[in-house]
Amino acid sequence: MTDFATTRRLFHLPEGVLYLDGNSLGPLPVAAEARVREVLTREWGDQLIRAWNSADWIGLPRRVGDRIGRLIGAPEGSVATGDTLSVKVFQALAAALALRPDRKVVLSDTGNFPSDLYIASGLIQALGGGLELRLVEPEQVADSIDESVAVTLITEVDYRTGRRHDMKALTSKAHAAGAVTVWDLAHSAGAVPVDLTAADADFAVGCTYKYLNGGPGAPAFIYVAPRFADSARPILSGWMGHEAPFAFDLDYRPHASVERMRVGTPPVLALAVLDVALDAWAGVDMADVRAASIRLSERFIAEVETRCSDLTLASPRDPHARGSQVSFRHPQGYAIMQALIANNVIGDFRAPDLIRFGFTPLYLSEEDVVAAAKVLERVMTERLWDDPAYATRSKVT
Ligand SMILES: Cc1ncc(COP(=O)(O)O)c(C=O)c1O
């Protein structure tokens, strides 16, 4: 049984703040500060460039990749880290398309994160050859998979509503039609149990600054199914994906494994923080996380619906049909969220009208979510949101 009282102590949670935005940016792991200081002073400071070998900086991306792999059902050596998620989407989609050169359609849905769609459009434009990005409603994805589809590019959990696709069923449908799957796990990794091997997924990508608590701009990850590890085409053929980077050959020869999806010099400081953040998952059972997350989100929905009649649930009511986040609609959503934040309950807002809350059992308790709902009730009944200070939108919402 996972001890959530212990995991909670691993995070720096500012006094008096109720943090329901770990689905957007996880909190600071307490151990990160000492680890970064060590990397700065003892490794970079004292060892200088020798640290690539002496502190094994060069092996860090692989070690961290394997640790993420354990949380998403990926075998050792099948996850590479680095760059940002948008870059990893580009790489995965390009490699997937190269496996189906005779097909022209990339199938995605209107619930996908815009960056994935922008990246797909940009790649399609660059590749030419009559490729098409076909967008359907999330509910129509399964019925839209046919033999014209080269690749399905789907985010498992919708960033706005938390609606969750059935990864196993869609992957199986895609394979039956001869399509290749790319799964975006940004809102899944560390949020819900993921088993890429059992789902028979082909490619998967994700970020580590949300439920994995790796910090702002933390490195992304990419999974390549072992069956494609030595054939997937790395479109960004940088030296760190080369079979022998320090041979400095003039010709590019991709590494035989998922390492071919690495591009350039790894971000050592960011990887060190992510590495220490992943310590929090030792002894954590994802089934316990899921059960607790459902408990928290169900309690929050019940409390909010009892207390705030003006808010409409925008997430699926069935907890099994959502990830680990819940959203409510209100035309004044932005101002409501600003008023909430001013009262020390942190969630976020997604245009046009969604207030969004994440449930992260590693450091969030049922008491916290009830307390957050009570503050939300006060914001609504006392119209605390109705203040000119909350009318102007910041750059980040
Ligand atoms: C589902 C999804 N895909 C892609 C991205 C873009 O990630 P990045 O900004 O790290 O490239 C995000 C960012 O939140 C996301 O939620």
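Both ligands and their constituent atoms are indexed starting at 1 by order of listing.
Taking atom 15 (C) of ligand 1 as the reference point, the nearest protein heavy-atom neighbour is Phe113 CG, 3.4 Å. Scanning the protein for heavy atoms near atom 4 (C) of ligand 1, the closest one is Asp116 OD1, 3.1 Å.
Side-chain atoms of Asp230 and His255 include no donor-acceptor pair closer than 3.5 Å. A side-chain donor from one of Ser24 and Asp348 sits under 3.5 Å from a side-chain acceptor of the other. Side-chain contact, Thr360 with Tyr363: a donor N or O sits under 3.5 Å from an acceptor N or O.
Taking Asp83 as the reference, Lys88 meet the salt bridge (charged side-chain N to carboxylate O under 4.0 Å, His left out) condition, with sequence neighbours excluded.
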Does Glu43 form a salt bridge (charged side-chain N to carboxylate O under 4.0 Å, His left out) with Arg35? I'd like the steps, not just the answer.
CA-CA 10 Å; Glu43 296 182 4; Arg35 178 73 187 116; 3.3 Å; yes
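Against a heavy-atom cut-off of under 4.0 Å, Thr84 is close to the following atoms of ligand 1: 10 (O), 11 (O). The atoms of ligand 1 that sit less than 4.0 Å from any heavy atom of Tyr209 are 7 (O), 8 (P), 9 (O), 10 (O), 13 (C), 14 (O). Remark: ligand 1 atoms within the under-4.0 Å shell around heavy atoms of Lys210 are 14 (O), 16 (O). Near Ala186, the atoms of ligand 1 lying under 4.0 angstrom from a non-hydrogen atom of the residue are 1 (C), 2 (C), 15 (C), 16 (O).
Proximity annotation for atom 1 (C) of ligand 1: of Asp184, Thr208, Asp83, Asp184 comes nearest, heavy atoms only.
Under 4.0 angstrom from ligand 1, the non-hydrogen atoms of Ser86 come from both its backbone and its side chain. Neither the backbone nor the side chain of Val87 comes within contact range of ligand 1; no heavy atom lies under 4.0 Å.
Phe246 has its ring centre less than 6.0 Å from the ring centre of Phe248. A centroid separation of 6.0 Å or more is found between the aromatic rings of Phe203 and Tyr223. Outside the 6.0 Å centre-distance limit, the rings of Tyr390 and Tyr334 are not counted as a close aromatic pair.
In this structure, His187 counts as a contact residue of ligand 1, since one of its heavy atoms falls inside 4.0 Å of the ligand.
Polar contact with ligand 1: absent for Thr155 (N/O pair, distance under 3.5 Å).
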